[in-house]
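Keep in mind that what you see is a predicted model, and the values were worked out from it rather than measured.
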Amino acid sequence: MPIYEYHCQTCKHDVEILVRGAETTHCPDCGSQKLDKQLSITASPTTGGSNLPTYSPQAAGTCGRPQCGSGCMFE
C-alpha cells in the first residue's frame, strides 16, 4: 500500500495519503476529491552509510532534485 503525495485544488494543502487498492482519494482537510498527484522523492541509502536523506520542506512544490536547480537541501 503506497503513500502518495497530493495537492488539493480546493484548499491548496499538500497531503500524503495511504492508498489501499482502488480506493477513491479525498483531501483529509476539506474532503474534496480534486487532488493532483505530485512527484515524490524516493529515499535511498547514501554510499558508505545507512542513513537515508531527509527532505527539506523549504523546497516543497519542486521535484526535489538538486540538479534541477530547485535548491532542495538534504541533511
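- Note that NZ of Lys37 is 8.0 Å distant from OG1 of Thr25, once rounded to the nearest 0.5 Å.
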Please list every donor-acceptor pair under 3.5 Å in which a side-chain atom of residues 29-36 meets a protein atom from a residue at least two apart or in another chain.
{"unit_1": "Asp29", "atom_1": "OD2", "unit_2": "His13", "atom_2": "ND1", "d": "3.3"}
{"unit_1": "Ser32", "atom_1": "OG", "unit_2": "Thr10", "atom_2": "OG1", "d": "2.9"}
{"unit_1": "Ser32", "atom_1": "OG", "unit_2": "Lys34", "atom_2": "N", "d": "3.0"}
{"unit_1": "Asp36", "atom_1": "OD1", "unit_2": "Gln9", "atom_2": "NE2", "d": "2.8"}
{"unit_1": "Asp36", "atom_1": "OD2", "unit_2": "Gln9", "atom_2": "NE2", "d": "3.3"}

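- Lys12 NZ to Cys27 SG: the interatomic distance, rounded to the nearest 0.5 Å, is 11.0 Å.
- Summarising the geometry of Cys11 relative to Cys8, their closest heavy-atom pair is N-SG, 3.4 Å, with the distance given to 0.1 Å.
- His7 approaches Asp14 most closely through the heavy-atom pair ND1-OD1, 2.6 Å.
- Here the straight-line distance linking atom CD of Gln38 with atom OH of Tyr6 works out to 10.5 Å at 0.5 Å rounding.
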